[in-house]
Amino acid sequence: MTSEQPMIALHGVTRRYDDGPPALDDVSLTVSAGECVAVLGPSGSGKSTLLNLVAGLDRPDSGTVTVAGTRLETLGEAAAARFRRAHVGLVFQFFNLLDDLTVLDNVLLPAHLAGAARRPAREHAARLLDSLGIARHADAYPGRLSGGERQRVAVARALINRPALLLADEPTGALDTVAGQDVRHLITNLHATGQTIVLVTHDLRLAADCATRTIGMRDGRVSAVSPAGSPAASAMPGSAGVTV
Ligand code: ADP
């Protein structure tokens, strides 16, 4: 990827499940390196489908999905998995940690899968745990941690392979008010360090705090785009196939 290329470029992307209406309908958008983009919209509007395509977890029926210079729709499953391990960190609403691995081993797992050398990976994991304020839990099992702490572990795991892109699906959705605030700060700070982030969220405060841009989705289409501080969900009438 050259510095002029966007981190993410979707062109005319349509994804249809079964015989229903398209979950994504001719969506085009770009995200530049260093942006934090919040994707907002009602349930069923296509937000997770969009995130899955950008993560290389799914493929469009038509259109192109380019992330970090790679055309994802051309990759087979194994190549897509390799791409994800190298370039994408994923954070989920319910953390998706492995309960029978310690915190440290959860964080190290993507590094092992990517074939990273053991010692530098452990050193990097220790630094991440430290910077995220959870170093004291390195040998604990996730079940002993609070929701906010588990999400911090999940963020450390997402960052272990130094991804160009961090994707988060409702990262504060399962957290209480205090832990939600904590994770909002964490994501905002990550963005301040230059991390490119795309998050799907219903958390308007997260969007307002972190996002340089919000994208509203409705019925599989981009319905609105706003700069930071003015969530798109309530802005601008819908238009299909907008290039953002
Ligand atoms: P959101 O994340 O905004 O809630 P989704 O992307 O999950 O929306 O879903 C968009 C549409 O696609 C919805 O109508 C949903 O029911 C449908 N959909 C999502 N995943 C599947 C699937 N695996 N099989 C069939 N339909 C699906």
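Whatever order the structure lists them in is the order used to number ligands and atoms, beginning at 1. These figures come from a predicted structure and were not determined experimentally.
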At a 4.0 Å threshold, what atoms of ligand 1 neighbour a non-hydrogen atom of Ser45? 1 (P), 3 (O), 8 (O)

Heavy atom of protein inside 4.0 Å of atom 6 (O) of ligand 1, strictly below: yes

Would a 4.0 Å cut-off, counted as strictly less than, catch a protein heavy atom around atom 15 (C) of ligand 1? no

Flag yes if more than 12 heavy atoms outside [X] fall under 6.0 Å of its [atom1] atom; otherwise flag no.
X      : atom1 : result
Asp219 : CG    : no
Glu77  : CD    : no
Arg122 : CZ    : no

Looking at [atom], what's its closest protein heavy atom, distance included?
atom                    : result
atom 1 (P) of ligand 1  : Gly44 N, 3.4 Å
atom 27 (C) of ligand 1 : Tyr17 CD1, 3.2 Å
atom 3 (O) of ligand 1  : Lys47 NZ, 2.8 Å

Applying a heavy-atom cut-off of 4.0 Å, say which part of Pro21 lies close to ligand 1: side chain, backbone, both or neither. neither

Between Gly46 and ligand 1, does any nitrogen or oxygen pair lie at a separation below 3.5 Å? yes

Any nitrogen or oxygen of Thr49 lying under 3.5 Å from a nitrogen or oxygen in ligand 1? Just yes or no. yes

Can you sort out the partners of Glu35 under side-chain hydrogen bond (donor to acceptor under 3.5 Å, both in side chains), two or more places apart, ordered by chain and number? Arg213

Side-chain donor-acceptor contact under 3.5 Å, Thr172 with Asp203: yes

Atom pair OG1 (Thr49) and CG (Leu24), whose distance is rounded to the nearest 0.5 Å: 5.5 Å

